[in-house]
Amino acid sequence: MIQKPNYKEVLMNTSIYKSLAVLTVCTLTFFALPSAFAQEQSHAGHDHAGHNHGDHDHSGESLAFQLTDWKSMHFDDANKAAQHAATVKKLGCEVKQDNHAGHIDVTYRCVQWREMQVKNHNMAEQWENWLSKSGFDVSHSHPDPAYTNGPEAVEFRLVVWKQMHGDGSANEKQFVATLQQLGCEVRMDKHAGHSDIAFRAPTWRDVHVADHGKADQLMVWLKQNGFEVRHEH
């Protein structure tokens with residue numbers, strides 16, 4: 001049975017949209033990001049409740065992030081500690097602070113995958129850098145423009161990395177290209193005359209195709225390769 005998205009969690013994530021103007025200012029001070037970063041507006045990922053699938057906004061790019069284990073960062077500066085704590089809290093993390101031995105520990109985690117959407121690739125790379133430095137597992141990818149328009153939407157996810165053994169064939173290259181066009185995260189490791197392929201899409205993502213027949217074909221392909229799939233029409 002296909003697991004439905006946790007709508008309550010998705011709605012909670014929309015608070016990111018309301019508060020990222022403040023969040024961005026906090027981030028600037030801590031990691032000294034370029035000034036253009038403060039001028040961009042980010043918001044939470046797609047809310048699958050209350051709208052038609054054909055109305056998804058595919059402008060910009062999406063980032064998914066998770067931090068399952070508690071992460072502690074040490075600060076000597078109380079302002080920087082407060083800024084970092086406020087940032088990760090606005091991202092939806094659990095946060096704890098502890099003062100001892102002349103410094104401040106900010107400890108946080110984000111057990112469930114969360115998603116944010118940003119306006120462009122440059123903004124996505126800056127957020128990816130900040131999240132990675134802060135200890136998060138980050139998934140950053142985006143679909144080919146050919147999959148951003150169409151009346152039929154197919155939703156899919158693959159939370160855990162799936163690994164396959166490649167043989168360097170034309171079929172393998174087409175397989176990898178298809179994953180990337182769909183907006184999946186793909187890693188390849190070539191060694192000893194072969195390649196290992198790993199791919200995932202840890203949050204629900206959607207692509208659009210021209211008609212119901214193409215949607216059915218895509219769903220079959222996704223299921224064969226381990227994805228959870230949804231399609232409504």
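- Taken to the nearest 0.5 Å, the CG atom of Asp137 stands 11.0 Å off from the CG atom of Asp69.
- When every heavy atom of Lys162 is checked against every heavy atom of Gly226, the shortest pair comes out as NZ-N, 3.8 Å.
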* May I have the step-by-step check of side chain to side chain contact (heavy atoms under 4.5 Å, CB included) for Gln66 and Cys110, ending in yes or no? => CA-CA 5 Å; Gln66 182 188 41; Cys110 182; 5.7 Å; no
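- Within 6.0 Å of NZ on Lys89 lie no more than 12 heavy atoms contributed by other residues, nucleotides or ligands.
- At least one side-chain heavy atom of Val186 sits less than 4.5 Å from a side-chain heavy atom of Ile197.
- Other residues, nucleotides and ligands contribute over 12 non-hydrogen atoms within 6.0 Å of the CD atom of Glu125.
- Between the side chains of His103 and Asp105, at least one donor-acceptor pair of N or O atoms lies under 3.5 Å.
- When atom types are taken as modelled, the side chain of His208 and the backbone of Gly150 share a donor-acceptor pair closer than 3.5 angstrom.
- Between the Asn120 side chain and the Met123 main chain, a donor and an acceptor come within less than 3.5 Å of each other.
- The hydrophobic clustering, which links ILVMFWY residues whose side-chain heavy atoms are closer than 4.5 Å, places Met164 and Leu179 together.
- Side-chain contact of Glu185 with Ser141: a donor-acceptor pair under 3.5 Å is absent, judged by distance alone.
- Residue Met219 holds its CE atom at 12.5 Å from CZ of Phe156, rounded to the nearest 0.5 Å.
- Relative orientation of the His121 and His142 rings is perpendicular, given thresholds of 30° and 60° on the angle between their planes.
- Contact of the Leu91 side chain with the Met116 side chain is registered, since non-hydrogen atoms from C-beta on lie closer than 4.5 Å.
- The closest donor-acceptor contact from the side chain of Arg205 to the backbone of Gly183 lies under 3.5 Å.
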* Full working for side-chain hydrogen bond (donor to acceptor under 3.5 Å, both in side chains) between Ser169 and Asp167 -> CA-CA 6 Å; Ser169 66; Asp167 56 10; 2.7 Å; yes
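- Listed for the Ser132 side chain is no donor-acceptor partner under 3.5 Å among the backbone atoms of Asn129.
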* Given the rule in the side chain to side chain contact (heavy atoms under 4.5 Å, CB included) test, do Val95 and Thr107 qualify, once you have shown the distances and angles that lead to the verdict? -> CA-CA 6 Å; Val95 185; Thr107 305; over 6 Å; no
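- Between Trp113 and Phe136, a ring centre-to-centre spacing not shorter than 6.0 Å is recorded.
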* Asked: Given Phe199 and Val176, is the side chain to side chain contact (heavy atoms under 4.5 Å, CB included) satisfied, shown in steps?
  -> CA-CA 9 Å; Phe199 55 96; Val176 171; over 6 Å; no
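- When every heavy atom of Arg200 is checked against every heavy atom of Val159, the shortest pair comes out as CD-O, 4.3 Å.
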* Apply side chain to side chain contact (heavy atoms under 4.5 Å, CB included) to Glu128 and Phe65, showing your working. => CA-CA 9 Å; Glu128 182 177 11; Phe65 55 93; over 6 Å; no
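- Between atom SG of residue Cys93 and atom CG of residue Leu67 there is a gap of 6.5 Å, rounded to the nearest 0.5 Å.
- Side chains of Lys96 and Ser72 form no contact here, defined as non-hydrogen atoms less than 4.5 Å apart.
- Between Gln174 and Thr178, the side chains place a donor N or O and an acceptor N or O closer than 3.5 Å (distance only, hydrogens not considered).
- The structure places CG of Asp206 at 14.0 Å from CZ of Arg157, a figure rounded to the nearest 0.5 Å.
- Side-chain contact between His140 and Glu61 is present, with at least one heavy-atom pair separated by less than 4.5 Å.
- Tyr108 is listed as a side-chain neighbour of Met73, based on a closest heavy-atom distance under 4.5 Å.
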* To do: Before giving the answer on ring pair (Phe, Tyr, Trp, His ring centres under 6.0 Å), spell out for Trp221 and Phe175 the whole-Å C-alpha distance, their side-chain angles and the decisive distance to 0.1 Å.
  => CA-CA 10 Å; Trp221 188 89; Phe175 176 74; 5.6 Å; yes
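- Smallest separation of non-hydrogen atoms from Gly135 and Lys71: CA-CE, 4.3 Å.
- The minimum heavy-atom distance between Ala85 and Val88, with the atom names listed, is O-CG2, 3.4 Å.
- Looking at every heavy atom in both residues, Pro143 comes nearest to Thr148 through CG-CG2, 4.2 Å.
- Two residues are said to be in side-chain contact when any heavy atoms from C-beta on lie closer than 4.5 Å; His84 and Phe75 meet this criterion.
- The side-chain heavy atoms of Trp70 and Glu94, taken from C-beta on, include a pair separated by under 4.5 Å.
- Interatomic distance, CD of Gln217 versus NE2 of His212, reported as 11.0 Å (0.5 Å rounding).
- Transitive grouping of hydrophobic side chains (ILVMFWY, heavy atoms separated by less than 4.5 Å) keeps Trp161 and Phe227 in distinct clusters.
- At least one donor-acceptor pair under 3.5 Å links the side chain of Glu172 to the backbone N or O of Gly168.
- Leu158 and Met188 fall within the same hydrophobic cluster, defined by Ile, Leu, Val, Met, Phe, Trp and Tyr side-chain heavy atoms under 4.5 Å apart, directly or through other members.
- Closest approach of Leu182 and Val207 over heavy atoms only: O-CG1, 3.6 Å.
- In this model, no donor atom of one side chain and acceptor atom of the other lie less than 3.5 Å apart for Glu155 and His231.
- For the pair Gln97/Ile104, a side-chain contact is recorded, criterion being any heavy-atom separation below 4.5 Å from C-beta on.
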